[in-house]
Each structure stands twice: as structure tokens, then as C-alpha cells.
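Structure first, commentary second.
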Protein chains: 2
Amino acid sequence: MTRPTLADVAAEAGVSVSTASLAFSGAGPIASATRDRVLAAAARLSYAGPNPLGQQLRSGRSGIVGVVVGDRLRRSFRDPVSTQMLDGLAQALSEQNLGLLLVPSEAGEVPPLVQHTAMDAAVVVLANGPDDDVVLALTRRGIPVVSIEGEIGDDPRRPGAATTNVGIDDRGGTALLVRELLGLGHRRFGVVALPYGHDRRLGAPDVDGEVSARYAHTRRRLAGIADAGVVPEVVVETPASLVEHGRSAGHQILSRPDPPTAVVALSDLLASGVVLAARELGLRVPEDVSVAGFDGIDLPWLAPDVLTTVHQPLADKGRLAGEAAVELAAGRPVDEVVLPVDLQPGTTTGPPPRR
Amino acid sequence: MTRPTLADVAAEAGVSVSTASLAFSGAGPIASATRDRVLAAAARLSYAGPNPLGQQLRSGRSGIVGVVVGDRLRRSFRDPVSTQMLDGLAQALSEQNLGLLLVPSEAGEVPPLVQHTAMDAAVVVLANGPDDDVVLALTRRGIPVVSIEGEIGDDPRRPGAATTNVGIDDRGGTALLVRELLGLGHRRFGVVALPYGHDRRLGAPDVDGEVSARYAHTRRRLAGIADAGVVPEVVVETPASLVEHGRSAGHQILSRPDPPTAVVALSDLLASGVVLAARELGLRVPEDVSVAGFDGIDLPWLAPDVLTTVHQPLADKGRLAGEAAVELAAGRPVDEVVLPVDLQPGTTTGPPPRR
DNA sequence: CGCGCGGATCGAATCGATTCGACCCCGTGG
DNA sequence: CCACGGGGTCGAATCGATTCGATCCGCGCG
């Protein structure tokens, strides 16, 4: 009644367990007649191949890479930025025959899966920095960690941990974008920011995010704006990169008396929400207000507008993270990766209105 | 240099391995002083807890549920229907402390992960029926399978396999929708169909999908339309449930001479593409043409239109599939589940234009 | 004072495979 | 004719934990 094991197959074929093993793994010399006998015996017992659990224990490797997606899974899935990246990641891992274990993680919690599941390496999306508890738990277990969109530094609490970062040039990206807007003549800016990563004191505008945001990519993108020499008139932090939050932030900014002439949103979804808000307020884009985003995702439904944005190579980012995980799992160190971004002009930006 | 094992900890603490095991598992009697000594020793060696690989072999369970998403991962991720379902699934599994292994699968291929990775159960999205090779491979390995949006029947090639189906009332759903449109006065219908699941002879309109579609949910939804007594004037099969495909199908249908007065799309994304196409052709919705969809997802960017659709409980579907997987993994049989759907009227349907 | 009971600890078997070294046998070359 | 070599097979150790049954010890009760 119980599933057959290699030993059963060996007995059925009249060979030793070690020989039976060779018949399946192909490592080592074996007469083809013997192999056939073993395989026939296996078929007779409907033995579907070596039990992975046994192989894993023996080899010490599980063939699994954990992918920890910060914040609710629901959100990660709704955001094309995450999904495209995950797609590249999945691709890279499946090419190496590695499994992708999806680990959802509420902010501030260390999921039990992180503590107790077997994995050869982990990719953490949106690590909050060196002190992230999830990263700490993983490295404590000796699991190499790749961070995406975050940054893992050295931490005395985990000496010799194998870690690396994969990211994009966030800072250069927003600087590029803002310089473009400056070139068009804009001087007064509004900013719709991604979450800062502080514990939920949301909505409070805070120009200080540039230095204080806990989420590295938010901080870096804000820093890029400063690099271009711009101090925004208003900064609105949003709870997540979703169209509806962009819309409400857009309303907030554009219904001010004498609103800014350009709104920079730190993601495309937020930016498209701002465009919707502008439309609802009867403002023409870009004649009355310019709107720009970040990410370079496809937004077919925004037609006829095409968002001016900074394009980042999302699938590549995921793929590189996957490859980095593979390398670290094999015990080879991996250098940090910072991917370039480029300006992708659309129809949502133009010269400011003449007053 | 090598990671410490339970034996090392036991030695360090001066107890036997079995006692050390008890200190961690808590199963069986142990003096609290002893437990503390063991834990202290573990801390000294920075032993992070029992190696999952050993536990897994011993228990024969991996704590992992494979989720096979048919077609490219990219597509599954772009579709809110999949992602909301996955979200419910992830939730259910993580409540049971089970890992979710994401297995992308090209149509017609059996991914190596399916063959060789350890899992306690699998959920297959869009199984193509009893003969699906992926399902066959899994059941051959003795892995219980839950099918979502497909249907696994009995197959002589896998006697005694533990399987079940979780789905929705597709057929009743489209029947409901079409009866509503009939009630409004529509008599001439166009249909934008989901893929039939045949091998890529796409684009060829085919009213026969009702009986021939390999993908069960496409077949059932088409059958519901027939149940309502309607024979569409035109049926367009699309390659995937994406806005752009809905748009081109919409153009195809609405630019016919004397087009149908109502277009039923088998998914909301397709339907919203049809709405966009109507807008582009200068047709008013619903005055000139009524459009209806299926799924009941959120489409904020379609504003001011709100799609008339059939709502299905996506997260529940995922959650139930997860729970079914848990049950099957535990060796308990599970009955098929068919979730109810309901009509969700919007602003995109109305009486047909008077001629 | 001795026996019995129960809580704590320990030894050894077990899960299912891989792999190293030993061994056997047969063919070839000296 | 013998020695050597190599292809093929086998036995046993190993990976890291859990668990069953046995042992040991101390305490309470008769």
C-alpha cells in the first residue's frame, strides 16, 4: 500500500540499491542491460523516480529559492511593476531548474515559512535595510539573501552572511526626469511619493522623506529630485503604488490654490492616477499641468495619453536577482548590481502654462 | 566551518541527540533546566534550529504545495483574475504554514519541477481535462491534485489518484447575463471568447467552441449562452484575456456592417477592451452598443463607465482550492466545489438602439 | 526498608537516497 | 600462463532529524 522505494525496485530487479540508484541518476558506469532491467522493475511497481526528499537530505540542497514579497501579496500582485519583475525572476530560476517559493510577508512580521522552510537562497523584495527582521532571520539560518529595491548592508549581527543587492539607478532616474521638466520651463513642482516605510503614519505630507524614508527606493528617488536642484512645493505620501491613491493625491495637489505646474509621481500607477484626477478636475494634460511617472510600464487604458516616465528594465532586474541567488547558493560571492534607467518621453509633459 | 547539527548541539550541551531534539520540538517530557541548557548551547554554536531537510525526510512531508499556472507566468500575472485567486490561495496555505511553490508551465510541456520537486499536493490552474500531461505526471507521482477552472475526471491511467475540482458556475453565469440582455430587448449578439485551448489555430472565428473548446471554462461559458437560447452572430476567439485582445476583437465585431447590438465578452479584461474599441469607433456605450463581461474585477480606469458583469468570488475560489489541497494531502477525500456567481449590473448595458 | 511508579534521558532504528571504496570477473598484453 | 587493468556491481557509511522502547533515578507508599 505504501509507495515503493528504491530498495523495493532494486529487490524486484534483483540488483543492489546502489546499482538501482545508478540506473536513475546515470552517474557512474552501468551496463545498459542492467539499467533496462531496473527501469522495467520500476515500471512494474509504478515507481515514479527517486523521492526528492531523500535526494535533498543527501545533497543538502532543496532546489528551492524563497521569494519574500513585502507587504500584502494582494498588492504585489496588483502592481505590474512587481509582476513583471517576478516574471523575470521565475524565468531565471526555472532555467536552472530551481523552484520559486512565494512567501507573503506582512510588514513587521517574520513569516513562519521564512524560519522553517528549506531553501537554498532567498530573494527579498523591498528589504527595509540592514535591520530588516526577515533578512536577519534568513542570514541567521545561513541562507544567502538577494535584496531587490532595498539595500542590505553589513551588519555585525550576521558576520560572513552571503548577501547582495540588485537595483536600479533610482536617484539618477528622477534627476533625469526633473531636469527634463526644468528644461521645459517648469519651476514649481508637486510630488506624489511612494510609501516611506514608516509605521503607518500615513497621509502626513513630509518633505523630509528624502532623508528619512525607510524604503530605500523611495528615499533614493526623492534624493534624485533634490539632486536636480528642486524643492517641491508639496509632497504627498501614498499608502501604496495604486491608481486610486495616485488619483486622490492628484486631487489633493491639483485642487490647491495656484497648484504646481508639474507633478512628478514616483511610480507610473500613481502618475496615471494623477492624470485621471486632472481629467476629472477639467485640467488639460499637458497644457495645464504636466505629469510624469517612473517605471515605464504599459498603460494601454490611459489612451490617448502616453505617460512621460523613466523606464527601468523590470524583467532584467528579476532575472539578475535570480541569477544572483543561484550564484550565492553555490557559494560564490556576487557584486551589487545597479541597472541603468532611461527617460521615456510621452505626451503628458510639455511647457508650463503661461500666466 | 560547516553548519552545526543537532548532534553538535547535543554534544555541546552534554545531552543525547534525542533529548536535544525534544528541547526543540517540545514533543515529549523534558526538564526545563535541560531544555535551557540545550538552547543555550544552540545559541553558543549559533544553531538556528533543526534542519528542515532532515525533518522532511523523517516525516515524509515537504510542507509545500505546488501551484501550476498554465500558460506563461507573465500572462497569469497580468491578469487580475489569476492574481486575486492566487492571493486567496496563498492566504489559505500560509494559514496552514504551507509553502506555495510557483510552477510556470508552457502549454503542452511538463516542467521539470513538476517531475522532480517535492510537494505534498498541487493546484493546477486551467487543467485541460483528464488527459492533461501535468496532472498525469503529478498523479503518477502520487501527488494529490486540485484543479481550478478546469476539470479532472477519472482516468484509467491513474487509478485511485486523489483529485478534485474547484470552480464556479460558469455556465449559469453567462446564461444569467444573456437573459438579462434578452430582457433589455437585445436579439443580435456578438461574443468575444477566451482561448479555446486548441493548439494555436487562433483568430479563426468558430461558433463551435461551445462543444469543442478544450479549456473547460471557455466551453462552459459558451454553453451558458446557448442555454439562454442565443446563437451569436459572430464569435471571436482571443489568444488571451488581455485588454488589447479585447480591443482588437471589439474592432473586428463593431466595424462589421450592421453590427450586433450587444457584445458579451467572456472576461472583464476582454470586455473593457471592447468598450475602448467602441469609444474609438465613436460608438456610445450603452446607447449604441451594450457590452458585458465576466469576472467582476475592479476596473477603476474604465471610468466613467462601470462594466455590467457576472461576479465570481475569486479569492474564495483560491482559498477553497488551498483548503482542498490541504485535505487531500492529509489523505482525506474532498468533494468537488462549484461556487455561485451573481449578476453585477453596471452602466455599459441598456436597451438596444431603435432602428 | 523495599517495591513500584512515573518523569527524564538515552540508544538505536528509521526515513530514502547517494557515493566511496572494495571486490569480482574477464579480457588483453607481456 | 600470469599479471594487470578496467568495467560493472555491491556493501556500508552518510546526510539530519524524529521516535519508540528501554533504562535509570528518585520519591512515595505500603
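Basis for what follows: all heavy atoms, side chains included, without hydrogens, waters or symmetry-related copies. Every chain is numbered from 1 and lettered A, B, ... according to where its sequence line falls, protein lines coming before strand lines.
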Nearest heavy atom decides the nucleotide; on that basis, is A:P4 or B:V15 closer to the 5' end of DNA chain C? B:V15

Answer with base, sugar-phosphate or nothing: what part of the nucleic acid does B:S59 contact at a heavy-atom distance below 4.0 Å? nothing

With rounding to the nearest 0.5 angstrom, report the OG to CD1 distance, B:S25 to B:I30. 8.0 Å

Answer with base, sugar-phosphate or nothing: what part of the nucleic acid does A:P50 contact at a heavy-atom distance below 4.0 Å? sugar-phosphate

What is the nucleic acid contact for A:T5, judged by heavy atoms within less than 4.0 Å: base, sugar-phosphate only, or nothing? sugar-phosphate

Out of C:dT9, D:dG8, C:dC15, which nucleotide sits closest to the side chain of B:R58? C:dC15

Please report, rounded to the nearest Å, how far the P atom of D:dT14 is from the CZ atom of A:R61. 22 Å

Taken to the nearest whole Å, CG/A:L53 to P/D:dA17 is 15 Å

Presence of A:S18 side-chain N/O under 4.0 Å of D:dT9 phosphate oxygens OP1/OP2: no

About how many Å separate CG of A:N51 and CG of B:L57, when rounded to the nearest 0.5 Å? 7.5 Å

Write down the distance between CD1 (B:I30) and P (D:dT18), rounded to a whole number of angstrom. 12 Å

Under 4.0 angstrom, heavy atoms only, what part of the nucleic acid is B:S25 near: base, sugar-phosphate, or nothing? nothing

Side-chain N or O of B:S21 less than 4.0 angstrom from OP1 or OP2 on D:dT18? yes

Can you find a heavy atom in the side chain of A:D8 that is under 4.5 Å from one in the side chain of A:Y47? no

How many Å lie between CZ on B:F24 and C1' on D:dG16, as a whole number? 13 Å

Counting only side-chain nitrogens and oxygens, does B:Y47 get under 4.0 Å of the OP1 or OP2 atom of D:dA17? yes

Would you mind classifying the nucleic acid contact of B:L57 as base, sugar-phosphate or nothing, using non-hydrogen atoms under 4.0 angstrom? base

Nearest whole Å is fine: how far is C:dA17 C1' from A:D8 CG? 13 Å

Among D:dA17, D:dT9, C:dG16, the nucleotide that comes nearest once only the side chain of B:N51 is considered: D:dA17

So for A:S16 and D:dG11, does any side-chain atom that can act as donor or acceptor lie under 3.5 Å from a complementary atom in the base? no

Interatomic distance where CG belongs to B:L6 and C1' belongs to C:dC10 [whole Å]: 13 Å

What's the CG-C1' distance between A:D120 and D:dC15, to the nearest Å? 15 Å

Interatomic distance, B:E95 atom CD to B:E323 atom CD [nearest 0.5 angstrom]: 7.5 Å

Roughly how far, to the nearest 0.5 Å, is CD of A:E149 from CG of A:N165? 11.5 Å

Calculate the interatomic distance between A:L22 atom CG and D:dG11 atom C1'; express it in whole Å. 13 Å

